[in-house]
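What follows is a single structure, written as structure tokens, with notes after it.
Proteins get letters first, then strands, A, B, ... in listed order; numbering begins at 1 in each. Quick caveat: nothing in here was measured; it's all calculated off a predicted structure.
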Number of protein chains: 2
Amino acid sequence: MALSHAILALLIDSPYSGYDLAKDFDQSVNFFWKATHQQIYRELSKLEEQALVEVSTIAQAGRPDKKLYHITKAGETFLIEWLLQPCEVMPIKEDLLVKLWAAQLIPVAHAIEQSASVAKLIEEFQRHRELHQQRLATYHQIERKFYPDSDHLPIAQKYRYLVLRRGIRYETDYIEWCDEVLKLFANQAEGKGV
Amino acid sequence: MALSHAILALLIDSPYSGYDLAKDFDQSVNFFWKATHQQIYRELSKLEEQALVEVSTIAQAGRPDKKLYHITKAGETFLIEWLLQPCEVMPIKEDLLVKLWAAQLIPVAHAIEQSASVAKLIEEFQRHRELHQQRLATYHQIERKFYPDSDHLPIAQKYRYLVLRRGIRYETDYIEWCDEVLKLFANQAEGKGV
DNA sequence: GCCTACATGTAAACCGTTACATGATTAT
DNA sequence: ATAATCATGTAACGGTTTACATGTAGGC
């Protein structure tokens, strides 16, 4: 279980509410972790029990209280000890690859039915290409805003920049792969005169 | 939940035992799915209940019976229907990125303690680089063995080749990123005369 | 003698998702 | 008026992981 570590890692820079953590996991740092608000609230309670975080409640006009979580000294020690431990390679579970693997099942018996099915698959790949392009655009924005001169950064920020680099590389590569797939579909359509 | 679909996808080509599925998910197709033998055995039972797979038991001398699972016509239909449905972008959970994000916590107070800690992190990145290189080597072997002339393949095999391409691209890119990280660590060590 | 491979399975603990629940503010 | 955003939470369910369990055969 490493959601706890991902939360603590975000808390290094500033205190967060559960709500804000959920937003960040969904938007800016979605290339290194993902979690629903449910998991986050439960995990924060556990971390508080273990004294790895501390909470300060902030009253707000016309809104529920905001509970701001801070990392404690014990929390930092816990994180450092963990990060020096070896870990596994991330397991991959890609629906899109399972779909391509099984795509040969699409029936060839009826030409019309088949081209409709293949068209749906093409759409799916185009859609995913766009989603990845959107993510890439977000990461490029972060790059421009926070790391404009990436060659001359203090060490702490270089670590962060390399984390972002992973996201940029991943999405760039994924988009290129989508293009390889879409190119095949295009050639296929051409060859068949569809 | 898509483990069921990943299992059915593998069964397209040939019947499998639970044990063999576990091996493939751990070795040859680990770039598109991962599952323990536990999950697989339970999932196979469910698929059998739904008549999406059929089992033939093979007695073996001095070993437990081998239960070979075959995909049924209903299983194929089920798979095709699923693959025409839209799906989400795969969520990423990368321990190594959380570690880099938190690396700035490594204490600078005591120089000896710090360089020992950073050395451990470097080792971790070198280890992961090697693991990814091993995977890449496996994928290249599969490429040479099954897709020697990748430009001229029947369509069914092109789909499969593009699935493999994703694995090759992913590992290649990951290794390059590890090199970016290791280069930073090397520069750092040089600058400090360690 | 010990470890690995073959082959399947039960049980419990843990993690993750979905639905439900509340309630004010702001934008369309 | 309706939907989205802010902000937190409970309950139930379903998926995943880990530990336990069994037993043969073959390599070091």
Side-chain angles (χ1 to χ4, degrees), chain A residues 1-8 10 15-28 30 32-50 53 55-69 82 87-95 98, chain B residues 1-8 10 15-28 30 32-50 53 55-69 82 87-95 98:
Chain A
M1 200 260 313
L3 170 57
S4 51
H5 303 102
I7 289 175
L8 291 172
L10 287 191
Y16 269 83
S17 68
Y19 188 86
D20 290 332
L21 281 168
K23 262 205 307 191
D24 265 31
F25 279 129
D26 205 50
Q27 288 163 27
S28 62
N30 54 7
F32 81 72
W33 216 266
K34 202 224 144 186
T36 61
H37 73 282
Q38 289 315 323
Q39 285 173 269
I40 291 164
Y41 286 125
R42 253 198 292 139
E43 199 64 41
L44 283 170
S45 304
K46 275 194 225 163
L47 289 172
E48 203 190 342
E49 270 174 45
Q50 296 167 78
V53 300
V55 70
S56 56
T57 307
I58 292 170
Q60 294 186 126
R63 299 232 163 125
D65 289 357
K66 187 176 225 173
K67 291 168 88 174
L68 272 185
Y69 290 88
W82 170 77
C87 66
E88 302 275 293
V89 171
M90 177 192 86
I92 294 178
K93 298 184 177 183
E94 274 271 10
D95 282 341
V98 178
Chain B
M1 199 262 312
L3 170 57
S4 51
H5 304 102
I7 290 173
L8 289 172
L10 287 190
Y16 270 83
S17 67
Y19 189 86
D20 289 333
L21 281 168
K23 262 204 308 191
D24 264 29
F25 279 129
D26 204 50
Q27 289 162 28
S28 61
N30 53 9
F32 82 72
W33 216 266
K34 202 224 143 187
T36 60
H37 72 282
Q38 289 315 326
Q39 286 173 267
I40 292 164
Y41 286 125
R42 255 197 295 135
E43 200 63 43
L44 283 170
S45 304
K46 277 194 226 164
L47 290 171
E48 202 190 342
E49 271 174 45
Q50 296 167 77
V53 301
V55 68
S56 56
T57 307
I58 293 169
Q60 295 186 124
R63 298 231 165 128
D65 289 356
K66 187 177 228 174
K67 291 168 88 172
L68 272 186
Y69 290 88
W82 169 77
C87 65
E88 303 275 293
V89 170
M90 174 191 89
I92 295 178
K93 299 186 178 183
E94 273 272 8
D95 282 342
V98 178

Over all atoms of both residues, closest heavy-atom pair of A:Tyr41 and A:Tyr19: OH-N, 3.6 Å
Which nucleotide in the list D:dG9, C:dC15, C:dG9 gets nearest to the side chain of A:Lys46? C:dC15
Could you check how far CG of B:Leu3 sits from P of D:dT16, rounded to whole Å? 6 Å
Counting only heavy atoms and a strict 4.0 angstrom limit, can you tell me which residues of residues 16-26 of chain A come near DNA chain D? A:Ser17, A:Gly18, A:Tyr19, A:Lys23
Contacts of type side chain to side chain contact (heavy atoms under 4.5 Å, CB included), residue B:Gln38, not counting sequence neighbours: B:Thr36
Looking at A:Val53 and A:Leu44, what are the two nearest heavy atoms and their distance? CG2-O, 4.0 Å
Provide the closest heavy-atom pair for B:Val98 versus A:His5 in the form atom of the first, atom of the second, distance. CG1-O, 3.8 Å
Could you pull out all residues at least two apart from B:Asn30 that satisfy side-chain hydrogen bond (donor to acceptor under 3.5 Å, both in side chains)? B:Tyr139
Grab the CD-P distance between A:Glu43 and C:dC15 for me, whole Å please. 7 Å
Write out a two-atom table: protein N or O, nucleotide N or O from nucleotides 17-19 of chain C, distance below 3.5 Å.
residue, atom, partner, partner atom, Å
C:dT17, OP2, A:Gln39, OE1, 3.1
C:dT17, O4, A:Arg42, NH2, 3.3
C:dA19, N6, A:Gln38, NE2, 3.1

Test side chain to side chain contact (heavy atoms under 4.5 Å, CB included) applied to A:Asp20 - qualifying residues, sequence neighbours left out: A:Tyr16, A:Ser17, A:Lys23, A:Lys66
Estimated bend of the helix from C:dG1-D:dC28 to C:dT28-D:dA1 (axis per five terminal pairs, rounded to 10 degrees): 40°
